[in-house]
4 protein chains.
Amino acid sequence: MGEDTKKFRRRAEARPDEVLDAALAVFVEKGFAAAKVDEVARAAGVSKGLVYLYFPSKEALLEGIVKRALAPVADHAVEGLAHFDGDPREAITMLLTILCRQLSDPAKLAVPKLVLSEVVRFPELAAMYRREVLDKVRPALEGMVARGVANGQLRPIDPEMAVRSIIGPLMAHIAMSELFDIRPDDGLAMERLLKSHLDILFYGMSEARP
Amino acid sequence: MGEDTKKFRRRAEARPDEVLDAALAVFVEKGFAAAKVDEVARAAGVSKGLVYLYFPSKEALLEGIVKRALAPVADHAVEGLAHFDGDPREAITMLLTILCRQLSDPAKLAVPKLVLSEVVRFPELAAMYRREVLDKVRPALEGMVARGVANGQLRPIDPEMAVRSIIGPLMAHIAMSELFDIRPDDGLAMERLLKSHLDILFYGMSEARP
Amino acid sequence: MGEDTKKFRRRAEARPDEVLDAALAVFVEKGFAAAKVDEVARAAGVSKGLVYLYFPSKEALLEGIVKRALAPVADHAVEGLAHFDGDPREAITMLLTILCRQLSDPAKLAVPKLVLSEVVRFPELAAMYRREVLDKVRPALEGMVARGVANGQLRPIDPEMAVRSIIGPLMAHIAMSELFDIRPDDGLAMERLLKSHLDILFYGMSEARP
Amino acid sequence: MGEDTKKFRRRAEARPDEVLDAALAVFVEKGFAAAKVDEVARAAGVSKGLVYLYFPSKEALLEGIVKRALAPVADHAVEGLAHFDGDPREAITMLLTILCRQLSDPAKLAVPKLVLSEVVRFPELAAMYRREVLDKVRPALEGMVARGVANGQLRPIDPEMAVRSIIGPLMAHIAMSELFDIRPDDGLAMERLLKSHLDILFYGMSEARP
DNA sequence: CATGAATGAGATTTCATTCAT
DNA sequence: GATGAATGAAATCTCATTCAT
């Protein structure tokens with residue numbers, strides 16, 4: 001006598017999440033400014049008024065979306081990196097593999113996309129994202145690269161800049177696909193990108209060392 | 001050559017351009033949706049009515065900005081690439097060097113930034129950008145990589161994916177700096193990025209080939 | 001006589017009254033239009049739904065407040081006046097003394113205050129007030145003054161206008177204190193006002209008759 | 001060549017005043033909260049948007065009304081009182097005569113009426129009114145009464161309380177007429193009120209001194 | 001009786017666009 | 001050409017009222 005009655009009970013607890021789901025979908029499709037609260041409500045299957053019952057403003061929806069998405073991300077993924085002391089190449093391979101898998105899921109991709117396009121109007125979003133995600137992942141990566149260089153496992157490269165080389169190709173792939181609709185013939189091709197990226201990242205494009 | 005006449009002449013002719021400059025500045029600062037035509041007019045030092053004399057709508061300003069910026073870009077840069085048959089590494093070095101220099105200029109960076117954040121609301125912008133820039137540069141790059149592989153100058157890599165590795169780290173660098181305010185201690189550090197990027201791109205991070 | 005039962009009993013019976021008390025407090029503090037039914041409910045310690053169980057609408061609360069306050073007022077006070085045939089000055093003194101004592105109690109003052117500020121939006125309130133209070137007190141007072149003039153106890157004054165002189169200074173005192181926060185140094189100073197008012201009302205400000 | 005062209009010229013300068021006139025009329029009729037900005041605009045013969053061109057919010061209209069009304073009032077009327085050193089009875093007679101004349105004009109009466117009914121929601125209005133009008137008039141009156149008492153022209157009365165006796169009957173008359181629709185048979189009867197009030201104020205209601 | 005989640009009509013406010021001058 | 005007063009459609013947000021539980 002729990003599951004059954006739930007159907008009849010008001011779904012008060014689930015509602016804010018449902019509204020955020022709907023808002024995310026609508027915001028990503030139309031952009032925050034062009035999205036109407038009415039549309040969000042309709043997409044969530046509720047009335048406009050209900051949206052305002054849980055969120056004090058349209059902006060609060062945006063904030064809510066990002067906060068909710070950020071909560072679990074950060075520590076979870078970083079734990080591994082920070083205390084990893086094996087071959088950095090393995091760690092990077094694993095990190096990028098996980099990242100690729102995550103970003104293949106449109107639902108997971110939606111939040112970063114939204115942050116990207118609203119960053120100009122709402123710099124706090126960027127700050128939040130930076131604080132919760134980037135400022136944790138980036139130093140961990142840099143440290144790992146630095147250790148690899150010290151170990152002699154990696155060539156003497158600039159750890160701070162190397163992070164751009166690790167993450168950039170993935171970004172470019174996503175951007176080309178999602179923003180400019182430039183996709184390989186075989187679809188999203190995440191595995192192909194990953195294989196090529198890791199190959200070039202570790203061993204370079206050149207046939208011979210200079 | 002009286003200053004007066006020159007000013008007057010140039011003004012009359014250059015007005016639409018000045019309006020576009022103002023619009024670009026305002027749009028980049030506040031985002032297209034949040035920018036008011038009034039602000040654009042004020043920034044251009046003209047009246048609101050005059051803006052509508054030159055451009056039929058607010059959207060037309062956005063279009064105008066992108067069109068104007070795109071016109072010279074494409075062919076200019078690509079000419080070299082398409083018919084280049086020397087060492088692809090030299091070509092890539094040159095391309096990225098030019099690109100870095102361009103993007104160090106905030107004025108030049110503004111348009112891609114604007115396109116990026118308005119792409120969701122105005123897919124035509126993305127299409128234009130793709131048609132005029134990406135669809136010209138990308139195949140040229142791919143072809144060059146393919147030739148390098150065929151030549152034996154490059155390792156047997158996937159040309160289509162390699163493009164992501166060439167362009168991605170630069171994108172990541174710009175994104176971190178411009179969107180998330182993550183900058184190396186020594187400022188924009190474009191040269192440092194370029195040096196690191198080319199080094200890793202060509203020779204990889206690994207100490208030893210597998 | 002257990003406290004518990006008493007409480008429960010009284011509660012069930014007294015609920016509408018408690019709601020009206022809460023409504024009065026909230027309406028006086030924020031004004032009828034700005035007051036939210038939710039606040040009234042919270043102030044009464046009940047749910048919003050319950051308020052609507054007792055009163056069909058927000059307006060009905062206002063009406064209820066005024067009706068409840070008016071019921072006992074009128075006849076009670078007037079009885080004496082109408083059939084009084086002693087010195088009118090004594091009657092006026094007594095009336096004003098009682099009135100002053102009543103209006104010193106913020107709870108008693110609340111209703112007239114509310115009526116006063118909502119009279120524009122709800123002329124029926126004014127009509128009710130007039131019917132139940134003013135139209136009973138005023139003629140009684142006028143009659144008494146007329147009798148006093150006829151008796152020779154009062155100078156030949158205009159009874160209809162004299163009513164304004166009797167009641168006005170009290171109104172002015174309340175208005176200055178409650179609306180404009182203009183208070184003598186010694187607080188509400190009702191006794192001082194009453195003393196001064198009666199002195200001037202009966203004997204005038206002038207040293208000598210003309 | 002001034003008056004003629006004015007018709008065709010936009011009435012930009014007169015507009016804010018016209019809007020305030022309309023707002024005052026609508027606010028007094030319906031009350032601030034119940035009045036819709038649309039109605040104000042219609043009453044002013046302009047569009048809703050124009051109202052917001054001159055006033056940033058509905059509340060600003062209210063403020064604007066009171067500020068405009070207050071500007072000329074204060075000093076104008078007080079000058080006379082403060083430096084008057086003749087018979088205080090003459091001064092009071094003059095003051096009340098002027099006041100009565102002013103308040104007979106519905107347009108002049110409108111602002112105090114509005115302030116009265118919105119005082120609860122907007123205490124700043126009361127503060128403004130107090131600062132600009134009451135705090136100037138009241139001390140002047142008190143001083144004059146005190147001088148009269150010192151002179152022997154007035155009986156030994158309490159100057160602070162006497163102010164209530166001077167102003168109150170007028171207030172009561174207006175309140176009865178405007179709020180409760182209680183009017184003598186001969187209409188507004190301002191002169192009758194004034195005559196009766198001054199008679200009682202100076203010489204009292206009593207036939208004989210005690 | 002009692003609750004409070006849910007609704008939706010309606011209000012305020014914004015701003016792209018027009019057009020008389 | 002140039003202005004900026006004026007418009008009104010459309011968006012956000014509020015809150016009295018309802019009703020399933």
Side-chain angles (χ1 to χ4, degrees), chain A residues 5 7-16 19 33-41 44-61, chain B residues 11-12 15 32-42 45-61, chain C residues 11-12 15 32-42 45-61, chain D residues 5 7-16 19 33-41 44-61:
Chain A
T5 39
K7 248 186 211 161
F8 295 96
R9 198 183 302 159
R10 294 292 165 78
R11 289 171 292 154
E13 287 112 63
R15 276 291 151 82
V19 172
K36 292 161 226 155
V37 175
D38 244 339
E39 285 177 306
V40 171
V46 300
S47 72
K48 206 183 355 169
L50 191 71
V51 173
Y52 282 94
L53 198 62
Y54 294 121
F55 300 93
S57 70
K58 192 184 169 190
E59 251 188 78
L61 284 172
Chain B
R11 270 215 123 195
R15 276 280 173 77
F32 175 77
K36 291 165 215 159
V37 175
D38 242 336
E39 287 177 300
V40 171
R42 225 178 357 260
V46 301
S47 73
K48 203 175 6 168
L50 195 60
V51 173
Y52 279 91
L53 201 64
Y54 294 129
F55 301 92
S57 72
K58 192 183 171 190
E59 263 190 63
L61 284 171
Chain C
R11 270 215 123 193
R15 275 281 172 76
F32 176 78
K36 291 164 215 159
V37 175
D38 243 337
E39 286 177 300
V40 171
R42 226 178 358 260
V46 300
S47 73
K48 204 178 2 173
L50 195 60
V51 172
Y52 278 91
L53 201 64
Y54 295 129
F55 301 92
S57 72
K58 193 184 172 190
E59 261 190 64
L61 284 171
Chain D
T5 38
K7 249 186 209 160
F8 295 97
R9 197 184 301 159
R10 294 291 164 80
R11 288 171 291 154
E13 287 113 63
R15 276 292 152 83
V19 172
K36 291 162 226 155
V37 175
D38 243 340
E39 285 177 305
V40 171
V46 302
S47 72
K48 208 179 357 171
L50 190 71
V51 173
Y52 282 93
L53 199 62
Y54 293 119
F55 300 92
S57 70
K58 192 184 169 190
E59 251 188 78
L61 283 173

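Since the structure is predicted, the reported quantities are computational estimates derived from the model, not experimental observations. Numbered from 1 within each chain, the chains take letters A, B, ... in sequence-line order.
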### Summary
Of A:Lys58 and C:Ala33, the one whose closest nucleotide on DNA chain F sits nearer the 5' end is A:Lys58
### Query
How do C:Ala34 and C:Gly49 order along DNA chain F: which one's closest nucleotide is nearer the 5' end?
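Upstream on the strand: C:Ala34.
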Starting from [atom2] on [N], measure out to [atom1] on [X] and report it in whole angstrom.
X: C:Phe55; N: E:dC1; atom1: CZ; atom2: C1'; value: 16 Å
X: B:Tyr54; N: E:dA16; atom1: OH; atom2: C1'; value: 20 Å
X: A:Tyr52; N: E:dG4; atom1: OH; atom2: P; value: 24 Å
X: D:Leu53; N: E:dC15; atom1: CG; atom2: P; value: 13 Å
X: B:Arg42; N: E:dA16; atom1: CZ; atom2: P; value: 12 Å
X: C:Leu61; N: F:dA16; atom1: CG; atom2: P; value: 10 Å

### Message
Side chain of A:Lys36, heavy atoms from C-beta onward: which of F:dT12, F:dT7, F:dT17 has the nearest atom to it?
### Response
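The closest nucleotide is F:dT12.
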### Task
Report yes if a donor N or O on one partner sits less than 3.5 Å from an acceptor N or O on the other, where the partners are the side chain of D:Lys48 and the base of E:dT13; otherwise report no.
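Side chain to base: pair found, below 3.5 Å.
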### Message
Rounded to the nearest 0.5 Å, what separates atom CZ in B:Arg15 from atom CG in B:Leu50?
### Response
5.5 Å
### Query
Measuring from B:Lys48:NZ to B:Lys36:NZ, what's the distance to the nearest 0.5 Å?
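Answer rounded to 0.5 Å: 11.0 Å.
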### Message
Which is more 5' along DNA chain E, the nucleotide nearest A:Val46 or the one nearest D:Glu59? Just name the residue.
### Response
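That would be A:Val46.
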#### Entry: D:Val51 side chain reached by D:Asp38 side chain, heavy atoms, under 4.5 Å
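D:Asp38 does not reach D:Val51 side chain to side chain.
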### Task
Name the pairing partner of E:dT21, where a pair is Watson-Crick or G-U wobble with both distances under 3.5 Å, or state none.
F:dA2
### Query
What interatomic distance, in whole Å, is found between P of E:dC1 and the corresponding atom of F:dT21?
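Approximately 23 Å lies between the P atom of F:dT21 and that of E:dC1.
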### Task
Apply side-chain contact (heavy atoms from CB on, under 4.5 Å) to the pair A:Val37 and A:Tyr52, showing each step before the final yes or no.
CA-CA 9 Å; A:Val37 175; A:Tyr52 282 94; 3.5 Å; yes
### Query
Do C:Lys58 side-chain atoms and C:Phe32 backbone N/O form a donor-acceptor pair below 3.5 Å?
yes
### Message
Heavy atoms only, 4.0 Å cut-off, all strands: where does C:Ala35 land among base, sugar-phosphate and nothing?
### Response
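Result for C:Ala35 = sugar-phosphate.
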